[in-house]
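Quantities reported herein were computed from a predicted structural model and do not represent experimental measurements. Atom set for the values below is all heavy atoms of this structure, side chains included, hydrogens, waters and symmetry mates excluded. Each chain gets a letter, A, B and so on, in the order its sequence line appears, and its residues count up from 1.
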There are 2 protein chains.
Amino acid sequence: MEITRESGVAVWRQIQQILEREIREQTFRPGARLPTEAELARRFMVNRHTVRQAIARLEDRGLLRTDQGRGTFVQEAVIDYQVSRKTRFSENLSRQNRTSDRVLLTTADLPASTEIARALRLRRGAMVAYVLCAGETDGRRISVSAHYFPKPRFDGIGALMAETKSFTHAMRRFGVEDYARQTTRILAKMPTSEEARLLAMPRNRPLIVTEGLNIDGSGNRVEYCVTKFVGDLVQMLVEH
Amino acid sequence: MEITRESGVAVWRQIQQILEREIREQTFRPGARLPTEAELARRFMVNRHTVRQAIARLEDRGLLRTDQGRGTFVQEAVIDYQVSRKTRFSENLSRQNRTSDRVLLTTADLPASTEIARALRLRRGAMVAYVLCAGETDGRRISVSAHYFPKPRFDGIGALMAETKSFTHAMRRFGVEDYARQTTRILAKMPTSEEARLLAMPRNRPLIVTEGLNIDGSGNRVEYCVTKFVGDLVQMLVEH
DNA sequence: ACCAATTTGTTCGTATGTATG
DNA sequence: TCATACATACGAACAAATTGG
């Protein structure tokens with residue numbers, strides 16, 4: 001594809017359109033790295049600034065993502081993660097025709113920190129069952145979530161999770177037929193190196209963190225969970 | 001304050017507690033930069049790693065924030081911004097005993113982009129009234145928001161906003177007694193240099209972006225708005 | 001585009017203290 | 001008492017980001 005000058009269409013805009021088509025036609029696949037700005041400048045025989053202008057527009061439109069020192073990447077499709085009273089990981093993804101997988105990373109029994117105790121209305125230091133999970137869709141890891149359950153009641157939920165891979169099923173074994181999300185707090189932060197490693201993401205891209213409180217039919221607090229999503233791949237959707 | 005060794009309390013924990021008290025007592029004010037790690041190491045006569053351990057814990061607890069190449073900062077208080085059917089900037093802050101200010105940055109009439117047209121159910125290129133605002137609380141800028149109104153109906157809303165500084169009041173002049181949020185999309189992204197400038201924040205801290213659609217009593221789409229919050233200062237709170 | 005100074009981030013290695021069996 | 005494991009503390013060097021010239 002050639003660049004035509006003095007055509008009434010700015011050179012950067014022509015480049016933008018060429019790149020856009022190549023992304024659409026999967027010449028550059030989602031998540032793949034584009035050639036460097038210098039290489040693109042050579043290919044189109046323009047100055048690097050001109051390529052940067054085209055890239056900046058595509059970034060604005062969400063088609064590309066640039067990481068300083070790493071390169072320019074084709075943005076993968078973003079998942080709309082619905083936050084509602086009935087927030088369920090697998091349902092949320094199957095609604096969008098995506099596969100969903102849970103990976104159990106750790107289970108343990110822990111004394112509640114101040115924060116967890118406040119959320120679950122326990123005394124600080126009271127024992128809670130802790131489950132650390134990863135969430136994947138279409139083979140890509142998109143979230144890591146920590147789940148806390150009050151301990152006498154949900155003893156052994158970690159083992160059950162290993163078996164069922166589903167909180168809905170595991171909770172049912174404890175007589176909780178249905179649980180509902182009472183509140184969700186949503187915030188943005190940069191990942192620690194550990195979080196970046198678990199989510200296979202660079203450190204200079206943001207996380208979306210949700211802190212949720214689940215209650216059973218009688219209003220008892222049954223679960224506090226903190227989920228960290230790759231910010232580039234997930235958006236939270238709230239219907240009021 | 002002195003560090004006592006072999007006291008049964010780890011040195012890093014003692015340092016953590018000292019820094020914690022100094023933050024609580026405003027020796028280090030919110031937003032202020034702490035002495036460098038090297039300086040603190042000299043002050044407490046320990047290795048820099050030991051100071052870093054203390055700082056890392058305080059960072060986990062949300063009291064400090066570190067920026068590579070810049071320093072360590074006392075985290076300012078975080079605002080819980082309630083996202084609901086009735087999302088109002090000033091009410092949201094007064095609920096938390098904070099002052100609120102709107103700063104009108106720009107108003108214009110624009111043809112709708114694809115995204116805006118889709119949100120407001122207009123033809124692409126149809127005219128919309130555009131208002132760019134900043135939101136401040138206690139003298140600190142926390143948000144920049146772009147508002148789009150369908151044009152024949154809300155002609156001149158920019159001028160009205162300049163006068164009233166309140167969307168609720170301005171909308172009332174157009175016969176919209178009450179409006180409600182239908183959906184909110186929440187995402188995280190890194191700021192452009194322009195966004196960072198407008199929000200007086202560094203480029204390596206995340207934004208929280210909300211995209212909201214407001215409807216009037218009859219279900220007509222009256223406003224589409226995109227608000228960008230300083231991620232370090234604001235958390236979204238959803239009650240289900 | 002580049003350099004220099006400053007500051008936090010990371011990774012080695014080494015030594016010591018503490019808890020456990 | 002010995003062995004082991006783990007957390008604590010220190011030291012050195014280098015990497016990465018920011019700032020200002």
For [X] and [N], what is the distance between atoms [atom1] and [atom2] respectively, to the nearest whole Å?
X     : N      : atom1 : atom2 : result
B:L34 : C:dT7  : CG    : C1'   : 13 Å
B:R52 : C:dT7  : CZ    : P     : 14 Å
B:M45 : D:dG11 : CE    : C1'   : 18 Å
B:R42 : C:dT6  : CZ    : P     : 12 Å
B:E37 : D:dA16 : CD    : C1'   : 14 Å
B:F73 : C:dT6  : CZ    : C1'   : 12 Å
B:D67 : C:dT8  : CG    : C1'   : 9 Å
B:L40 : C:dG9  : CG    : P     : 13 Å

*On DNA chain C, check which nucleotide each of B:H49 and B:T72 is closest to and give me the residue with the more 5' one.*
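In this pair, the answer is B:T72.
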
Presence of [X] side-chain N/O under 4.0 Å of [N] phosphate oxygens OP1/OP2:
X     : N      : value
B:T50 : D:dC10 : yes
B:R70 : C:dT8  : no
B:N47 : D:dA9  : no

Can a donor-acceptor pair be found between the side chains of [X] and [Y] at a distance below 3.5 Å?
X      : Y      : result
A:T184 : A:R181 : yes
A:R98  : A:T137 : no
B:T66  : B:E59  : yes
B:R57  : B:Q16  : no

Which nucleotide in the set [options] lies at the smallest distance from any side-chain heavy atom of [X]?
X      : options               : value
B:R33  : C:dG9, C:dT7, D:dG11  : C:dT7
A:R203 : D:dA9, C:dG9, D:dT19  : C:dG9
B:T66  : C:dG9, D:dT19, D:dA9  : C:dG9
B:W12  : D:dA15, D:dA9, C:dT10 : D:dA9

*For B:Q53 and for B:R48, find the nucleotide of DNA chain D with the closest heavy atom, then tell me which residue's nucleotide is more 5'.*
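In this pair, the answer is B:Q53.
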
*B:V11 vs A:N204, nearer the 5' end of DNA chain D by closest nucleotide*: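 Looking at the nearest nucleotide for each, B:V11 comes out on the 5' side.
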
*Ring-face cation contact, A:F89 with A:R102, 6.0 Å cut, 45° max*: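 Verdict for A:F89: a cation-pi partner in A:R102.
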
